[in-house]
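Report on one structure; see the data block that follows.
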Amino acid sequence: MTDGIPAAPGTEGWFQDGPDGFALLAGRCTSCGALSFPPRTIPGCPDPDCEGLEQSPEPLSTNGTLWSYTDARYAPPPPYPRPPDAEFSPYALAAVELTAERMIILGQVAPDVPDEALRVGMIMELAPGTLVSSTGVEERVWNWRPADHSEDSGADVEAYGAYSSAAEEASA
Amino acid sequence: MSRTDSVAVAGVGMHPWGAWGKPFVEYGLVAARAALADAGVGWRDVQLVVGGETIRNGYPGFVAGSALSQALGWQGAPVASCYAACATGAQALATARAHILAGLADVVLVVGADTTPKGFFAPVGGDRPDDPDWLRFRLLGATNPAYFGLYARRRMALRGSTEVDFAAVKVKNARAGSLNPNARFRAEVDTETVLKSPMVSDPLRLLQICATSDGAAAVVLTSEEYARRLNKDAVRIRAISAPTPTYPRTVPDFPYLASDSLAAAAPAARSFRESLAHAAYEAAGLGPRDLDLAEVYDLTTAMELDWYEEIGLCAPGEAEKLLHDGATALGGRIPVNPSGGLSSFGEAIPAQAIAQVCELTWQLRGAAGARQVAGARVGVAVNQGLFGHGSAIVVGRA
């Protein structure tokens with residue numbers, strides 16, 4: 001990482017950070033191209049019709065629409081870190097559907113974003129985030145935040161199918 | 001009706017839900033003895049014991065069938081223990097049913113019991129970065145209610161649902177639960193109380209989210225012939241479906257951090273949750289119009305509304321109307337969660353799907369007392385849990 005913050009436990013190989021900016025890395029099946037996030041740690045492909053075993057790292061796009069959001073008003077149980085001498089601070093969670101990959105990825109919302117700024121359908125972008133471990137060590141994670149000049153995409157109806165069913169769309 | 005693919009529910013029993021803090025086996029024994037007595041079957045007559053596992057009670061929890069058999073006194077019957085998150089009880093019932101249909105057993109005792117710690121469910125201990133359940137807590141602090149909050153907010157955005165709609169589900173279920181001696185929460189609740197309860201994961205407040213509970217439920221399943229001899233053949237399991245999701249998954253279902261990409265592969269015609277009841281209807285040869293009642297897994301009030309649509313009680317987007325018309329309340333056209341649901345019970349994971357079948361059985365026998373659904377002949381029970389688990393069970397009168 002360019003700022004020297006090490007990846008949080010379990011996320012080694014999940015991030016790309018370089019001249020092109022910060023991105024999440026999916027695993028891409030070298031046989032059929034199917035994406036997995038987090039990247040698989042076990043050889044195989046998520047597509048049941050593919051027998052591919054190999055994956056290569058593939059940066060995911062960093063923009064999408066806000067599929068939904070919520071927050072945590074109460075401290076979750078371990079293993080969520082509790083930094084020493086720190087009060088629990090509530091945080092928001094976002095589920096963002098990447099526009100290019102049509103894949104919904106969860107993440108905490110950047111801590112400086114007020115809850116009332118969030119609205120389903122708005123454009124969100126990925127940002128590096130920092131978690132503080134229970135021993136007080138900074139760890140790299142990812143955050144979602146409203147994109148600069150965010151406005152409603154108007155295309156959220158497309159994500160409708162991701163929640164409801166394709167059958168419904170087909171019969172409409 | 002006599003079908004070669006049906007088994008009889010000869011007996012049912014429960015230990016009341018609560019926060020008693022006793023060993024889970026103790027609850028299981030109470031439920032098991034009640035179910036055996038209800039069936040008129042002796043413990044020595046049981047040919048297989050299927051236990052729903054609990055993952056929070058040490059080794060006995062993982063070998064629940066054995067722990068319960070030992071507690072009842074070893075009588076030699078083989079045991080099976082299984083775990084399928086919230087669908088554990090359904091998997092246990094499916095195992096029992098399969099043995100009976102295959103002719104391997106005539107009488108099977110199915111038991112689920114749990115002792116549950118207070119507060120948020122947490123992953124099993126230890127540092128396990130290859131476990132999605134560990135990762136979601138460690139990296140995101142994404143509790144079950146956080147996932148529920150995402151689904152509820154999504155429903156509000158798509159369907160225009162409001163907090164008041166969600167609260168009306170709680171009011172309805174609390175009323176039904178007040179009539180159920182096995183329910184943990186038996187006080188009626190008004191809308192204002194729901195809307196003033198503390199926010200947990202916006203838009204869900206404490207009284208919109210099910211609690212975690214202790215409790216136990218047991219069922220004695222038998223072959224048709226055995227049930228006729230017992231004269232306990234009134235209620236039948238018509239179908240149990242427990243499909244897994246199909247690729248690509250369209251929703252970031254818990255405990256995963258992402259859905260699958262829809263860019264390259266088209267999703268199945270039905271969502272995973274829709275596929276649960278659909279598969280059971282197909283197997284039973286009936287449809288949602290044939291139902292007299294339903295028990296649905298209301299982990300939250302908002303989720304109960306999702307189920308109305310997903311099990312075909314109404315068209316997508318019409319769940320709020322169905323609710324406000326009173327159709328899903330006791331006395332309505334298609335009562336949902338006449339037991340009071342998870343809203344009134346709280347979740348005792350391995351017992352819950354079995355408890356749903358207990359309720360359907362009492363209803364179909366006409367033995368549900370003050371919460372009786374008049375003339376009930378066919379009911380469905382559905383649930384969904386972590387890691388791609390879910391089930392639907394159709395129960396009908398003979």
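Heavy-atom basis, side chains included; hydrogens, waters and symmetry copies ignored. By convention in this document, chain letters (A, B, ...) are assigned in the order of the sequence lines, proteins followed by strands, and residues within each chain are numbered from 1.
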Worksheet item: Got a sec, which residues hit side chain to side chain donor-acceptor pair (under 3.5 Å) with B:D131, two or more places apart in sequence or on another chain?
Response: B:R128

Discussion item. So for B:F148, is it side chain, backbone, both, or neither that comes closer than 4.5 Å to the heavy atoms of chain A?
Written reply: neither

Worksheet, complete the sentence: When the 4.5 angstrom heavy-atom criterion is applied to A:A26 and chain B, the contacting part is neither

Discussion item. Below 4.5 Å, heavy-atom pairs only: which of A:D115, A:I42, A:L93 has the largest tally toward chain B?
Written reply: A:L93

Worksheet item: Which one, B:F137, B:Y147, B:F121, leads in non-hydrogen pairs under 4.5 Å with chain A?
Response: B:F137

Discussion item. Can you confirm whether B:P245 sits close enough to B:V251 that some side-chain heavy atom of one is under 4.5 Å from a side-chain heavy atom of the other?
Written reply: no

Worksheet item: Tell me, side chain or backbone of A:A75 under 4.5 Å from chain B's heavy atoms, or both, or neither?
Response: backbone

Practice prompt. Answer with side chain, backbone, both or neither: which region of A:T11 has an atom nearer than 4.5 Å to a non-hydrogen atom of chain B?
Written response: side chain

Item to complete: Check the side chains of B:T300 and B:Q208 for a donor-acceptor pair under 3.5 angstrom, ignoring hydrogens and angles.
Response: no

Fill in: chain B interface, residue from A:G107, A:S68, A:G10, A:A34 that has the most non-hydrogen pairs under 4.5 Å
A:S68

Worksheet item: Are B:R273 and B:Q384 close enough, and set up right, to give a side-chain hydrogen bond (donor to acceptor under 3.5 Å, both in side chains), and what steps lead you there?
Response: CA-CA 7 Å; B:R273 286 161 53 92; B:Q384 187 200 0; 2.7 Å; yes

Worksheet item: Counting distance only, does the side-chain N/O of B:R136 pair as donor-acceptor with the main-chain N or O of B:P255 below 3.5 Å?
Response: no

Worksheet item: Is there a donor-acceptor contact under 3.5 Å linking the side chains of B:D214 and B:T115?
Response: no

Worksheet item: Considering only heavy atoms, which portion of A:P38 lies under 4.5 Å from any heavy atom of chain B: side chain, backbone, both, or neither?
Response: side chain

Discussion item. If I measure from the heavy atoms of chain A, does B:A142 come under 4.5 Å with its side chain, its backbone, both, or neither?
Written reply: both

Worksheet item: Quick one: do the A:R73 and B:S201 side chains pair a donor with an acceptor below 3.5 Å?
Response: no

Discussion item. Could you walk me through whether B:Y297 and B:E347 satisfy the side chain to side chain contact (heavy atoms under 4.5 Å, CB included) test, starting with their C-alpha distance in whole Å, then the side-chain angles of each, then the deciding distance to 0.1 Å, before giving a yes or no?
Written reply: CA-CA 10 Å; B:Y297 222 64; B:E347 196 182 15; 3.0 Å; yes

Discussion item. Need one label for A:I105: side chain, backbone, both or neither, based on atoms under 4.5 Å from any heavy atom in chain B.
Written reply: both

Discussion item. Using a 4.5 angstrom heavy-atom cutoff, name the option from A:V96, A:T41, A:D47 with the most pairs to chain B.
Written reply: A:D47

Discussion item. If I measure from the heavy atoms of chain A, does B:T143 come under 4.5 Å with its side chain, its backbone, both, or neither?
Written reply: side chain

Practice prompt. Check step by step if side chain to side chain contact (heavy atoms under 4.5 Å, CB included) holds for A:T70 and B:R153.
Written response: CA-CA 7 Å; A:T70 186; B:R153 173 69 63 192; 5.8 Å; no

Worksheet item: Do any of residues 78-87 of chain A come closer than 4.5 Å to chain B, heavy atom to heavy atom, and if so which ones, in number order?
Response: A:P78, A:P79, A:Y80, A:P81

Practice prompt. Using a cut-off of 6.0 Å, state whether more than 12 heavy atoms not belonging to A:E51 lie near its atom CD.
Written response: no

Worksheet item: When the ring planes of A:W142 and A:F15 are compared, do they come out parallel, tilted or perpendicular, using 30° and 60° as the limits?
Response: tilted

Worksheet item: Taking it one step at a time, do A:E101 and B:S261 satisfy side-chain hydrogen bond (donor to acceptor under 3.5 Å, both in side chains)?
Response: CA-CA 6 Å; A:E101 293 87 354; B:S261 169; over 6 Å; no

Worksheet, complete the sentence: Pair count under 4.5 Å, heavy atoms only, with chain A: among B:G141, B:A258, B:G149, highest is B:G141

Discussion item. Quick check on B:L135 against chain A: is it the side chain, the backbone, both or neither that has a heavy atom closer than 4.5 Å?
Written reply: side chain

Item to complete: Verify, without hydrogens or angle tests, whether A:D71 (side chain) and B:D202 (backbone) share a donor-acceptor contact under 3.5 angstrom.
Response: yes

Discussion item. Using heavy-atom distances under 4.5 Å, tell me whether A:E139 contacts chain B through its side chain, its backbone, both, or neither.
Written reply: side chain

Fill in: Region of B:A265 in contact with chain A, defined by heavy-atom distances below 4.5 Å
neither

Worksheet item: Is a donor on one side and an acceptor on the other found under 3.5 Å between the side chain of B:R154 and the backbone of A:V120?
Response: no

